[in-house]
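Since we're looking at a predicted model, the values are computed, not measured. We use all heavy atoms of the structure for the numbers below, so side chains are in, but hydrogens, waters and symmetry mates are not.
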Amino acid sequence: MAPSFLSVAKLVEAILRRRFSSAGLSLQTLHIDSETTIQFWGPPPSLSPENKQNPPLLLLHGFGPSAVWQWSRQVKPLSLVFRLYIPDLVFFGGSTTTSSCSDENRSEMFQASCMGKLMEKLGVERFSVVGTSYGGFVAYNMAKMFPEKVDKVILASSGVNMRRSDNETFIARAKCHRITEVMLPSSGTDLRRFSGMVSSRRLDFVPDFVLNDFCQKMYSEKREEKAELLEGLSIGRDDKTNVTPIQQDVMLIWGEHDQVFPLKMAHDLREMLGKKTKLKVIQKTSHIPQTEKPKEFNGTIVSFLLSPSPSI
């Protein structure tokens, strides 16, 4: 691992944070209850009246590094149209909880409840939500839990219809034995393998010492707690899905070559969620189209969220 003063990862993170700041967001921390603290990027308390007119939008990151790493290509263009709230989910970045370790307190439903409390504490009465991958699990559950608060829903590369067999197939495809081996890389070699699963851009020519540096920066903290989150997932436990239609308009955004949740899952999910669900497939991308083709991804978000809901 490179000394901290030579860390490429720290330099990159500083650049990403400046992107968020230049988009008019400030890094804040809020105690949502006696046990849980959420760190998030959001409008400063002194937000101008004209900016308060922009519709609020909650962005939920996937399982991996903190939000600043995952939404860097969205924050500037979307901030021109929406009032953004971009939290770190519990046990990612600066968010944490002292609640007891149990499946209930480590599930995607717990994360959804925490995000609901955050928006309530911030006084945001109604909002749309975008969740990518694991963040989509949380977004889907928020839509079910808070139908009066959640307006429209975008699930990006998020197989909420995952069955146990899908989970086992993914682990086998990654040539691992456990999901934690895939989702919590501990070395540059692990990170190179993980990147090959989620992105069409390979890291074959990136030196190991650079990858080790990024792995240390992005995956070294709260590893035990993140493993508990993987164990606490309700999605993917059974041989059948528990997906039911939700009342909101839904947009599914999927990479054509997603190796985590193959495209067939997107088509199946659209059928499960019903007539109010649309699917946008982004060509020549894998599991992170928001990074691989951000302009098309962002345009899909803006077009869907700002268009009027069809009358029924």
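Tracing side-chain contacts under 4.5 Å through hydrophobic residues (I, L, V, M, F, W, Y), one never reaches Leu191 starting from Leu11; they form parts of separate clusters.
Closest heavy-atom contact between Ser72 and Leu16: CB-CD2, 3.5 Å. Between Ser99 and Phe110 the shortest heavy-atom distance is OG-CZ, 3.9 Å.
Figure legend: cation-pi geometry between Lys278 and Phe304 absent, as NZ or CZ is not positioned both under 6.0 Å from the six-membered ring centre and within 45° of its axis.
When Leu59, Val150, Val138 are each tested for a side-chain contact (heavy atoms from CB on, under 4.5 Å) with Val129, only one passes: Val150. When each of Val243, Ile235, Val153, Val250 is tested with Tyr140 by the rule side-chain contact (heavy atoms from CB on, under 4.5 Å), just one qualifies, namely Val243. In summary, of the residues considered (Asn105, Thr97, Thr96, Thr98), a side-chain hydrogen bond (donor to acceptor under 3.5 Å, both in side chains) with Thr36 occurs for Thr97 alone.
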TODO: Test Glu221 against Lys226 for salt bridge (Lys or Arg N to Asp or Glu O under 4.0 Å), laying out the working first.
DONE: CA-CA 9 Å; Glu221 296 181 352; Lys226 289 175 182 175; over 6 Å; no
Task: Check against salt bridge (Lys or Arg N to Asp or Glu O under 4.0 Å), Lys264 and Asp268 - done: CA-CA 6 Å; Lys264 182 181 184 304; Asp268 292 344; 2.8 Å; yes
Task: Verdict with reasoning, Glu13 to Lys217, per salt bridge (Lys or Arg N to Asp or Glu O under 4.0 Å) - done: CA-CA 9 Å; Glu13 184 178 54; Lys217 179 63 183 173; 2.9 Å; yes
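Between the side chains of Ser286 and Glu292, not a single donor N or O lies within less than 3.5 Å of an accepting N or O.
Looking at Asp258, its side chain never comes within 3.5 Å of a backbone N or O of Trp254 through a donor-acceptor pair. Side-chain N or O atoms of Gln39 include none that pairs as donor or acceptor with a backbone N or O of Ser95 at under 3.5 Å. Side chain of Glu125 to backbone of Lys149: no donor-acceptor contact under 3.5 angstrom is found. Ser128 places a side-chain N or O within 3.5 Å of a backbone atom of Lys152 that can act as its donor or acceptor partner. Of the possible donor and acceptor atoms, one in the side chain of Ser157 sits under 3.5 Å from a partner among the backbone N and O of His287.
Glu35 CD: more than 12 foreign heavy atoms inside a 6.0 Å radius.
Ring to ring, Phe63 and Phe92 are close: their centroids are under 6.0 angstrom apart.
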